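Accompanying notes for the structure given below.
Owing to the predicted nature of the structure, the values given are computational and were not obtained by experimental measurement. Here, residue 1 is the first one in the sequence, and each next residue gets the next number. Each ligand, and each atom within it, is numbered from 1 in the order the structure gives.
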Amino acid sequence: MAEQKIGTADNPLRVAIIGSGPAGFYAAESLLKQKNVVVEVDVFDRLPTPFGLVRAGVAPDHLKIKSVTKAFDRTAKKPNFRFFGNVELGKDINVEDLHQYYHQILYSTGTEGDRMLNIPGEDLNNIHSAREFVAWYNGHPDYKDYEFDLSQEKAAVIGVGNVAVDVARILCRTTEELHKSDMATHAIEALAKSNIKEVYILGRRGIAQAAFTNSEIRELGEMMDADTTIPAAETMLDALSESDVKTKNNKALNKKIEIIQNYADHAGTGKSRLLTLRFLVSPVEFIGDDNGNIKAMRIVKNELYEKDDGTLRPRATENFEEIPIGLVFRSVGYRGKPLPGVLFKASWGTIPNRKGRIFNEETEEFVLGEYTAGWIKRGPSGVVGTNKADAVETVKCMMEDLTENKILSPSHPDKEAIEMLLKERNVKYISYQDWLKLDEIELAKGKEQGRPRVKFVSIEDVLASVEK
Ligand code: NAP
């Protein structure tokens with residue numbers, strides 16, 4: 001336990017945040033806004049660039065959502081904020097190190113894994129997670145060399161969340177549309193040669209249970225060279241859904257149903273690509289050819305039943321169908337991955353916590369000085385802004401614990417010490433100033449090409465540009 005009062009101008013509360021996505025930035029903002037506590041925040045990221053999924057997850061044609069980085073910039077400009085990009089937990093620094101340099105540590109690393117379908121044939125070639133495809137087209141350095149077989153004519157996206165809609169829409173966009181986005185150049189070039197003509201999106205439940213939001217589903221009707229349709233029979237509400245929708249009497253849900261029903265048996269307007277939404281169906285098997293490539297998927301028609309908790313769940317019927325398909329994206333949810341030295345609840349894919357305080361479920365004790373926020377805290381749900389309230393909840397716990405002096409006692413609480421450690425270890429870290437320079441270069445390259453931004457996709461290129 002620390003002895004002197006921490007959180008004053010002489011002895012600021014030193015906080016390390018691991019992960020610079022929305023949750024990390026919202027936590028930093030909340031910490032730096034504390035009225036009676038002086039906090040110094042160091043945000044670490046294993047990538048050289050900040051912003052997590054706002055840079056590498058949000059769809060490249062949804063530029064407006066990315067303007068949230070303006071708020072992150074304001075936080076980063078505060079004197080007690082520092083960014084250490086290109087610093088990986090478990091490689092460049094570890095949890096024991098952090099305990100020696102900070103009073104509190106917050107993990108906001110998001111979800112870097114995928115849920116699986118667990119059906120036969122899932123390991124065939126040309127079946128990918130949507131997360132990998134999204135990371136690739138957004139220029140995430142780890143995924144830049146991935147290859148997706150876009151010579152196929154038919155693709156399917158499994159799941160009806162917003163990620164599934166993003167992936168399907170990107171597959172249907174024209175090069176002209178993609179050029180207006182901040183998609184990585186390698187992806188625009190690959191997609192320009194795409195042979196995809198038909199895209200399916202498969203929902204296991206009905207239209208009233210679709211996870212996507214209204215603006216996203218509406219956008220599917222506004223694509224330059226792709227039509228959207230749904231078999232009319234699958235837009236009908238079954239009795240259970242009808243009664244559920246009536247009881248909920250929710251304006252947004254009623255609107256969603258209306259938008260979807262307007263796509264029913266849409267004959268098409270002769271556009272080059274066709275996007276077909278399917279509901280109440282689940283893939284049960286992926287069928288491969290002699291080379292181990294997927295050539296078809298067997299799907300089963302589902303019906304809904306009411307669970308004890310009142311939710312409507314899918315149940316397989318005896319009706320099967322086979323659809324020829326050459327490329328599949330599984331978009332059934334992300335999953336967190338364990339961080340070295342940090343507690344992890346494998347069954348949930350999250351860090352076990354109570355309101356953001358890391359909690360050891362075996363000993364039923366809190367882990368002193370360690371906290372979490374964002375998707376690794378609560379699972380992959382909600383939009384960017386959802387992470388604000390989530391981070392604020394965690395910071396409230398951090399402040400309460402500070403009041404009770406339940407904080408770590410670092411042996412090197414001075415601000416310069418961590419820089420010295422990283423330099424000693426020859427870690428080439430990227431500061432926020434460096435990032436602003438990279439940002440300018442990306443925007444200038446974009447301007448030259450008539451695009452919003454041209455992203456760096458290789459860590460070597462980033463480091464070379466910073467050193468110039
Ligand atoms: P999500 O919204 O949770 O959707 C997951 C989808 O996968 C659901 O349709 C779910 O169906 C389905 N699914 C799960 N297990 C399945 C299985 N075994 N078989 C078939 N389908 C299965 O997740 P997400 O799309 O990955 O998005 C994550 C979060 O990011 C969401 O909160 C989303 O809104 C947000 N996001 C927002 C935007 C935006 O604002 N534009 C863009 C992208 C992502 P059930 O409902 O039946 O479980």
Considering the heavy atoms of [X], write down every atom of ligand 1 situated less than 4.0 Å from one of them.
X    : value
G161 : 2 (O), 4 (O), 6 (C), 9 (O), 25 (O)
P380 : 28 (C), 29 (C)
V383 : 40 (O)
S381 : 32 (O)
L117 : 17 (C), 18 (N), 19 (N)

Please work out which of [options] has its closest non-hydrogen atom nearest to [atom].
atom                    : options                : result
atom 6 (C) of ligand 1  : G333, A130, S331, G203 : S331
atom 45 (P) of ligand 1 : E216, R330, R313, R205 : R205
atom 22 (C) of ligand 1 : N302, V332, D114, I158 : V332

Please output the side-chain donor-acceptor pairs of residues 333-346 that fall under 3.5 Å, not counting sequence neighbours, one pair per line with the distance.
from	atom 1	to	atom 2	distance (Å)
R335	NH2	A346	O	2.6
K345	NZ	E361	OE1	3.0
K345	NZ	E361	OE2	3.3

- Item | Nearest protein heavy atom with distance in Å, relative to atom 2 (O) of ligand 1 | A211 CB, 3.7 Å
- Got a donor-acceptor contact below 3.5 angstrom from the K197 side chain to the N195 backbone? yes
Evaluate [X] for polar contact with ligand 1, using N/O atom pairs at a separation under 3.5 Å.
X    : result
V163 : yes
V160 : yes
R204 : yes

Any chance the side chains of [X] and [Y] put a donor and an acceptor closer than 3.5 Å?
X    : Y    : result
Y429 : D434 : no
Y305 : E303 : no
E198 : T276 : no

- Task: Would you please indicate if the ring centroids of W435 and F51 are separated by under 6.0 Å?
- Result: yes
- Item | Pair W136 and F148, ring centroids less than 6.0 Å apart | yes
- For E122, enumerate each residue passing the side chain to side chain donor-acceptor pair (under 3.5 Å) test, keeping only those at least two apart in sequence or located in another chain. R330
Ligand 1 versus [X], non-hydrogen atoms closer than 4.0 Å: side chain, backbone, both, neither?
X    : value
N162 : both
D166 : side chain
V58  : neither

